[in-house]
Structure formats: C-alpha cells, structure tokens
Amino acid sequence: MLKIYNTLARKTEEFQTLEPNLVKMYVCGVTVYNDAHVGHAMSALVFDIIRRYLEYRGYTVKHVMNYTDVDDKIINRAKQLKEDPLKLSQRYIEDYAKDLASLNVLPATSNPQVSKTMPLIIKFIEGLIEKGNAYAATNGDVYFSVTSDADYGRLSGRKLDDMQAGSRVEVEEAKTHPMDFALWKAAKEGEISWDSPWGHGRPGWHIECSAMNLAELGEQIDIHGGGNDLIFPHHENEIAQSECYSGKEFSRYWVHNGMLQLGGEKMSKSLGNIISIKEFLSKREADVMRMLVLNGTYRSPLLFNDDTLDAAQKNVERLKSALRPASASASGLNPESISAVASTAESAKANFIEAMDSDFNTAGAIAALFELSKIINNARDSGANDQQLKSAQGIFRELANVLGLKLEEKQGSADSDAFINLLIETRAEVRKQKLWALSDQIRDKLKELNVTIEDSKDGTTWRWG
RNA sequence: GGCGUCGUGGCCAAGUGGUAAGGCAAGGGUCUGCAAAAUCCUCAUCGCGGGUUCGAAUCUCGCCGACGCCUCCA
C-alpha cells in the first residue's frame with residue numbers, strides 16, 4: 001500500500017486515486033527567462049522519480065508540467081535583450097526541455113504554456129467574478145477576494161489576521177483587503193498584453209496554474225506538486241481559485257519537495273548562489289545529481305556541496321560495479337549458491353518496494369540496491385558466470401531504472417578503443433617480462449587520459465572514467 | 001512577530017514504542033608484482049533537561065540551535 005505525505009493534511013496518508021489506475025499529477029514548472037539551476041533540477045528529479053514509481057506500480061500517469069512564459073521577469077529580461085518576450089521564453093522552454101532530457105527526466109505528458117491558455121484564463125476569471133470571489137478594481141486590475149473564501153489559508157496554516165500584509169510590500173490601494181491577489185494585471189505602456197473584458201493586460205501568476213490544471217486534467221486532480229517555497233502564496237491561491245470556481249476539492253494530495261541548499265542557504269536567484277544545470281553537467285554525470293537526490297528525503301533540504309557530490313559520485317560508481325560481467329575464467333557457481341542469490345535478490349526487491357511505498361523513501365530504496373549489488377558482486381567473486389548473474393542483474397537494472405539511474409559506463413569512440421586495446425596488449429607483453437616500471441607507466445598515463453585499468457588473474461580489463 | 005520543518009557516528013542519511021538501514025571517509029584482512037575494483041571485519045545509543053511507559057531516537061513539556069515560508073522563487 002503506497003503512502004504519501006500530504007502537505008494539506010500534514011500527515012502521511014494512503015494513496016487512493018480518483019479514477020482506478022490513473023494518476024493526474026500537476027507539477028509547477030519554471031518561469032522561463034534564464035538558465036535553469038540545480039535547484040530546479042532537484043524538483044524535476046523528485047517528481048520524475050515519483051512518476052516513475054507510480055508507473056512501476058501499475059498506474060497510468062498524466063504528468064503535467066507548465067511553463068510560465070508570461071511574467072514580469074520575462075518582460076524585463078526581454079527589454080534588456082531587446083528581444084520579443086514570447087520568443088525569449090520559447091527559447092528557454094526549449095533549453096529547459098534539453099536540460100531535463102540530459103538529466104534523464106522523462107518528458108511530461110504535456111507542457112502547457114500561459115500564452116496559449118489565455119481564453120480559458122479569462123473565462124476562469126469571469127467565472128470567479130460571477131460567483132463573487134473576485135472583483136475588477138478601478139486601476140484595471142482584477143483581484144481575488146480572500147475574504148470570500150472561508151477556507152483561505154488552510155494549506156499554509158495561516159489565518160488572514162496573522163498575515164502581516166503590507167509589512168514588506170506596499171499594499172495596493174485598489175484592493176479591498178490587503179491580502180487580495182491579482183488575477184489580471186492591467187498592461188503598462190508598451191508591454192505585451194492580451195485583450196480582456198477588463199482591458200488590455202495579462203494574467204497574474206496564480207491563475208495560470210488553476211486554468212492549466214482545468215484545461216489539462218479537469219476540475220479535480222490526484223497530486224499537485226512543486227517546491228515547498230510555493231506553498232504560500234502560490235498553492236494557497238491556486239486552491240482558492242480552483243475550489244471557488246468548481247465548488248469541488250481541487251487536489252487530493254499536495255506534495256512538496258525541499259529546497260536545495262548551497263552553503264547552508266537555499267539556492268535562489270535573489271541570493272545569487274546559482275549553479276546552472278549545464279554547469280553541473282559539464283563536471284559531473286547526470287546520475288550523480290540524481291543520486292544526490294535519492295540519498296536524501298525529497299521533503300527535506302538537500303545539501304549540495306563537494307562532499308555530498310563526491311559521495312554521490314562514489315555511490316554511482318559502486319552501483320555500476322554490479323552490472324559488470326562475470327570474469328572470463330568463471331567456473332560457475334553451485335546450485336545452492338545460485339538459489340541463495342536468487343532469494344536474496346527477491347528480498348532486496350521487496351525491501352525496495354516497501355521503502356518506496358513509504359512516501360517514496362528513496363534512501364531506503366537505494367540501500368536495497370546496495371544490498372543487491374553486494375549479492376551480485378559476491379557471486380561474481382565466487383565464480384558465477386554471466387548466465388548465473390543474469391537474473392539478479394536483471395532485477396538490479398529494473399529497480400535502478402525505476403529510480404531513473406542509467407548506470408552507463410562511459411563510451412569512447414571505436415577508434416580510440418582500438419588504440420587503447422593495442423596499448424593493453426602491449427602492456428600485457430611488458431608484464432610477462434615483469435617490466436613493472438614500464439607497465440605502471442602505461443597504466444598511469446592511461447589514467448591521466450581517463451582510462452582505468454584493472455588487472456586480475458585472468459587478464460586485464462579497462463574502462464573509461 | 002506569525003506559520004512550518006528539522007537536530008541520529010568525521011560527513012551524507014534511513015528509521016514514529018521493543019534494545020540504531022545504507023553510503024562516503026578511516027583502520028585492518030583477502031585478492032594483486034604493485035595498484036585499482038570487488039569482498040570481509042572494525043567503527044554511534046540518536047542536541048540538552050524533565051515527563052509518560054515494563055520499555056523511547058521514536059510520545060509529551062521546556063530549553064538551545066538550524067533551515068524554509070510570510071516578497072519573486074523549484
């Protein structure tokens with residue numbers, strides 16, 4: 001039985017879908033005006049892992065991730081670059097999709113964009129006005145009236161009275177309540193805008209997600225995800241809009257990932273402590289980022305530094321070792337040992353599922369993978385042949401794939417491989433003559449070229465990395 | 001000031017009532033010409049102080065500390 005921590009209930013609950021075997025999952029994507037950073041990667045990886053596991057458990061997952069392509073920051077950036085804002089955002093949408101693909105994140109089922117959802121957004125706002133939950137102000141903006149929603153604040157646990165509106169931001173005079181938030185913003189001179197019953201303007205940040213949810217998944221969804229920094233005000237406001245509009249419970253489960261920490265602080269643009277996904281991938285492979293996420297708890301802060309990354313990299317290397325072939329001189333394992341391997345492999349798989357069922361306990365799942373890798377490596381060391389390793393390695397690969405780990409050995413070109421093989425052969429001759437200094441020199445020089453040599457009693461193997 | 005999360009070995013970290021998973025690092029073996037990889041062994045009583053209980057890292061109270069949100073934010 002799968003259990004998920006629900007931010008709304010503030011506890012772990014049994015997972016039950018609205019429709020049998022179908023999961024409707026909406027995850028807040030990014031505002032596209034700059035390179036995405038590793039904090040975005042964390043969030044994308046968390047929900048990719050959740051999605052993969054749900055599919056592994058037999059669900060069909062409709063996974064929607066939006067792109068916010070109409071926004072102040074985009075408009076400002078476009079001005080700076082003297083570029084059309086929609087062209088700019090489209091550029092970064094394509095860019096982000098590439099980043100995610102290189103992180104081995106499965107593409108979402110759909111990626112709606114604000115700029116392409118305008119008619120529905122306007123209809124949505126009209127509906128809220130009709131129901132008395134929103135009002136058009138004298139300044140051309142349309143605001144949501146928080147006092148019209150008795151439940152407002154129940155996700156973030158805030159009461160209107162407790163919110164010190166205006167303490168950090170100037171309160172817009174046109175609002176009837178300081179906490180009212182914009183559904184529609186009147187266009188300023190020269191800004192990109194859309195026509196509406198309230199004049200030219202563009203949507204506020206929160207309404208887009210409510211509208212895109214409705215367009216892609218309907219009035220009710222199973223899982224709504226995003227970073228925990230979105231709980232308030234973004235998700236709070238989404239709930240208010242969607243539930244006032246439909247009169248139904250919006251999302252059954254609210255799932256939030258913790259923030260990636262760089263130097264003890266949240267990585268964010270305002271703090272300027274940013275590492276882009278591209279920058280990361282120029283130094284480390286995608287599995288390392290994923291392993292970093294897997295080793296922790298998705299809801300907790302994630303420490304991102306050289307120490308945790310080095311450890312994650314070692315973890316990845318170690319898991320890769322389980323997939324290596326049997327030694328050439330393998331004599332085969334006796335039937336008892338083989339059945340012991342098989343039964344331990346099954347128990348590792350059961351541990352894996354038990355951990356993942358428990359609110360996606362990936363750290364526990366990883367432990368099960370290490371357990372399995374140990375069994376496999378032990379069997380290999382004891383002389384198991386490839387045929388005998390096959391079953392356990394199959395389970396291993398299956399589980400690694402659920403987590404989205406590729407565990408690929410690095411590849412070289414056929415040409416370079418041929419040269420390296422030649423060097424290895426030459427070195428074998430040199431070793432026969434016990435010319436150790438020369439032999440070690442070849443090994444060291446190859447290491448500098450990122451080729452690792454391993455000698456064993458039945459010959460020498462090598463690999464990239 | 002309000003809301004919330006958290007504090008487990010040198011580091012990352014799992015674990016919500018019965019005597020602490022896993023990984024990294026470290027030390028010691030096996031293997032190796034030497035390495036590397038793999039493997040085996042060693043390595044904590046859970047921030048501090050009370051309480052509940054036969055029994056608590058796990059429940060409760062207090063204190064200390066960290067982090068997030070309350071403004072754009074994954």
Side-chain angles (χ1 to χ4, degrees), chain A residues 7 10 12 27-31 36-47 65 68 71-73 153 156-159 161-170 179 205 225-234 236 256-261 264-271 291-292 294-297 299-303 305 307-322 324 327 351 355 358 361-371 373-374 376-382 431 434-437 439-440 443-444 447 452-457 460-463:
Chain A
T7 307
R10 288 185 213 296
T12 305
V27 181
C28 285
V30 293
T31 302
H37 58 68
V38 287
H40 297 125
M42 177 196 180
S43 186
L45 285 167
V46 163
F47 290 100
M65 188 195 74
T68 297
D71 172 89
D72 282 344
K73 295 184 291 289
S156 57
R158 291 155 207 263
K159 298 184 181 107
D161 296 341
D162 292 339
M163 300 190 213
Q164 301 183 331
S167 63
R168 297 172 76 172
V169 183
E170 249 180 75
M179 292 308 295
W205 176 34
N228 66 15
D229 54 346
L230 297 182
I231 293 172
F232 191 90
H234 186 53
E236 191 72 73
H256 293 100
N257 64 277
M259 295 293 104
L260 186 140
Q261 304 281 123
E265 280 177 314
K266 169 184 165 185
M267 173 179 293
S268 73
K269 282 160 192 160
S270 48
L271 290 169
M291 179 59 80
L292 188 72
L294 289 168
N295 185 52
T297 309
R299 291 192 278 126
S300 300
L302 180 67
L303 300 184
N305 57 49
D307 289 344
T308 57
L309 286 171
D310 285 346
Q313 186 155 338
K314 288 285 188 61
N315 285 343
V316 170
E317 297 302 328
R318 191 172 176 71
L319 288 184
K320 281 181 185 174
S321 74
R324 288 176 191 149
S327 76
N351 290 343
S358 173
N361 180 350
T362 52
I366 284 291
L369 272 189
F370 279 116
E371 183 191 345
S373 74
K374 194 162 282 187
I376 293 168
N377 287 332
N378 254 321
R380 187 194 299 102
D381 284 358
S382 315
R431 291 182 72 217
K434 300 193 191 300
L435 298 172
W436 305 126
S439 160
D440 291 350
R443 186 171 64 198
D444 293 345
K447 186 68 195 170
T452 303
I453 286 186
E454 289 173 6
D455 298 319
S456 72
K457 52 176 173 277
T460 298
T461 58
W462 67 271
R463 62 173 175 273

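Letters A, B, ... are given to chains in the order of the sequence lines, protein chains preceding strands, and every chain is numbered from 1. None of these values were measured; they are calculated from a predicted model.
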[atom1]-based separation of [M] from [N] [nearest Å]:
N: rC40(B); M: rG22(B); atom1: P; answer: 11 Å
N: rA13(B); M: rG50(B); atom1: P; answer: 29 Å
N: rA26(B); M: rG7(B); atom1: C1'; answer: 25 Å
N: rC41(B); M: rU5(B); atom1: C1'; answer: 39 Å

For the pair made of [atom1] in [X] and [atom2] in [N], what is the distance, rounded to whole Å?
X: L302(A); N: rA66(B); atom1: CG; atom2: C1'; answer: 16 Å
X: R431(A); N: rG33(B); atom1: CZ; atom2: P; answer: 7 Å
X: L309(A); N: rC11(B); atom1: CG; atom2: C1'; answer: 13 Å
X: K457(A); N: rC31(B); atom1: NZ; atom2: C1'; answer: 7 Å
X: D229(A); N: rC67(B); atom1: CG; atom2: C1'; answer: 13 Å
X: I453(A); N: rA35(B); atom1: CD1; atom2: P; answer: 16 Å
X: K320(A); N: rA36(B); atom1: NZ; atom2: C1'; answer: 16 Å
X: L230(A); N: rU5(B); atom1: CG; atom2: P; answer: 18 Å

### Query
Where the side chain of S43(A) meets the backbone of H40(A), is there a donor-acceptor pair that is under 3.5 Å apart?
no
### Query
Is there a donor-acceptor pair closer than 3.5 Å between any side-chain N or O of R324(A) and the backbone N or O of N377(A)?
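No; zero donor-acceptor contacts below 3.5 Å.
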### Summary
Of L260(A), T308(A), N257(A), the one forming a side chain to side chain contact (heavy atoms under 4.5 Å, CB included) with L302(A) is L260(A)
### Distance in Å, M291(A) CE paired with Q313(A) CD, rounded so as to fall on 0.5 Å steps
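That separation rounds to 11.0 Å.
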### Query
Would you say rU5(B) has OP1 or OP2 under 4.0 Å from some side-chain N or O of R299(A)?
no
### Query
From the list rA25(B), rC67(B), rA21(B), which nucleotide is the closest neighbour of the side chain of K314(A)?
rA25(B)
#### Entry: Given rA38(B), rA21(B), rA74(B), the nucleotide with the shortest approach to the side chain of R318(A)
rA38(B)
### Query
Should D440(A) and R443(A) be marked as a salt bridge (Lys or Arg N to Asp or Glu O under 4.0 Å) after you check the CA-CA gap, both sets of side-chain angles, and the distance that decides it?
CA-CA 5 Å; D440(A) 291 350; R443(A) 186 171 64 198; 3.4 Å; yes
Tell me if the side-chain of [X] makes a donor-acceptor pair with the base of [N], cut-off 3.5 Å, by modelled atom types.
X: R10(A); N: rC3(B); value: no
X: R158(A); N: rC69(B); value: yes
X: R324(A); N: rA38(B); value: no

### Message
By nearest heavy atom, map T452(A) and N228(A) onto RNA chain B; which one lands nearer the 5' end?
### Response
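Nearest nucleotide further toward 5': that of T452(A).
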### Message
Quick check on RNA chain B: between M259(A) and N361(A), whose nearest nucleotide comes earlier from the 5' end?
### Response
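Its nearest nucleotide being more 5', the pick is N361(A).
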With a non-hydrogen cut-off below 4.0 angstrom, is [X] in contact with a base, only sugar-phosphate, or nothing?
X: S382(A); answer: nothing
X: L369(A); answer: nothing
X: K159(A); answer: nothing
X: L292(A); answer: nothing
X: K447(A); answer: nothing

### Task
Check C28(A) against L230(A) and note the closest heavy-atom contact, atom names and distance.
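The answer is CB-CD1, 3.7 Å.
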